[in-house]
There are 2 protein chains.
Amino acid sequence: MAKTNPPFMSGVPELLLLRLLKNREMYGYELVRSIREVTGEAISLGEGVIYPVLHSLERSGSLKARRKPVGGRTRVYYSLTKQGRGRLADLQDDWRRIQTGIETALESPGHA
Amino acid sequence: MAKTNPPFMSGVPELLLLRLLKNREMYGYELVRSIREVTGEAISLGEGVIYPVLHSLERSGSLKARRKPVGGRTRVYYSLTKQGRGRLADLQDDWRRIQTGIETALESPGHA
DNA sequence: TCTCATACCTCGAATTGCTAGGTATATGAT
DNA sequence: ATCATATACCTAGCAATTCGAGGTATGAGA
């Protein structure tokens, strides 16, 4: 039944997560706040978005998880795998492409 | 039942359509090809995406439609209303905001 | 006549993201 | 001691968007 391609603009949460984890390992709750910060409050993704994406990235092999007890609580730290770095590069390219495309469309004054 | 907000990155098809129609009135089939062109092939939205969006923009008062017979066929030409121009400005602002936010996130090398 | 391009449309499914919950521990205030 | 808040994890169910694959009809050209 010809499975549908993912929507052309999806994967931004994924992109942001991978990008943040490129610097250092982080845990979910931390990533939620961090996305708000690094995007200058422009993008705010709740835990209901982030956690499922993290799980799916782990299942697909882009991330590996590590449980680490910190002050009585247990955090789940995620870090990039080699595959994850590749995935990040791909998503970054995709993003550039559509971003440039939209920019072109918006800036052309009289595109004929 | 607390209606859900639209997904944070949606409305790009809407934005592109309104932007193209800012220049001149166009018809659906034409808009489908035009989006591919002006985005440098980066974005390709099928008729199954475009027509419903056009209809919804008309219903919401951003566009007005005009049936025009051309060479035996009938085309439906759409043009921006005043409200549509306002909507375009809003969507453009939204886009800038998130675009900038993502750019910031991607470019920060060691964001601490 | 047959095919292709034009030109409109809609339905069903897949995917996403959102809201709203739920659990549990630590910390600080009352 | 108790209550509220922040931390930290999670999932379920719904809503919105987009995608793919159709369907209809006309005109032009081979």
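These numbers were taken from a predicted model, which means no experiment stands behind them.
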E30(B) with R75(B): basic N within carboxylate O range, under 4.0 Å: no

Salt-bridge contact E103(B)-R96(A) (side-chain N to carboxylate O under 4.0 Å): yes

Give one of base, sugar-phosphate or nothing for G28(A), where a contact means two heavy atoms less than 4.0 Å apart. sugar-phosphate

So, is Y51(A) close to the dT11(D) phosphate, meaning a side-chain N or O under 4.0 Å from OP1 or OP2? no

Which is more 5' along DNA chain D, the nucleotide nearest H55(A) or the one nearest P6(B)? Just name the residue. H55(A)

Could you list, one pair per line, each protein nitrogen or oxygen that sits under 3.5 Å from a nitrogen or oxygen of nucleotides 1-5 of chain D, together with the distance?
none

Does the distance from a Lys or Arg side-chain N to an Asp or Glu carboxylate O, for D94(B) and R97(B), drop under 4.0 Å? yes

Using a cut-off of 6.0 Å, state whether more than 12 heavy atoms not belonging to R33(B) lie near its atom CZ. yes

Considering heavy-atom distances to DNA chain D, does F8(A) or R33(A) have its closest nucleotide positioned more toward the 5' end? R33(A)

Could you tell me whether V76(B) contacts a base, only the sugar-phosphate backbone, or nothing, with contacts defined as non-hydrogen atoms closer than 4.0 Å? sugar-phosphate

Please tell me if N5(A) has a side-chain N or O lying less than 4.0 Å from either OP1 or OP2 of dT15(C). no

For Y29(B) and dT10(C), what is the distance between atoms OH and P respectively, to the nearest whole Å? 17 Å

Summarise protein proximity over nucleotides 25-30 of chain D in one line of letters, 5' to 3': B for base, S for sugar-phosphate only, - for none, counting protein heavy atoms closer than 4.0 Å. -BS---

To the nearest angstrom, how far is M9(A) atom CE from dT18(D) atom C1'? 12 Å

Send over the distance from K68(A) NZ to dA8(D) C1', rounded to a whole Å. 15 Å

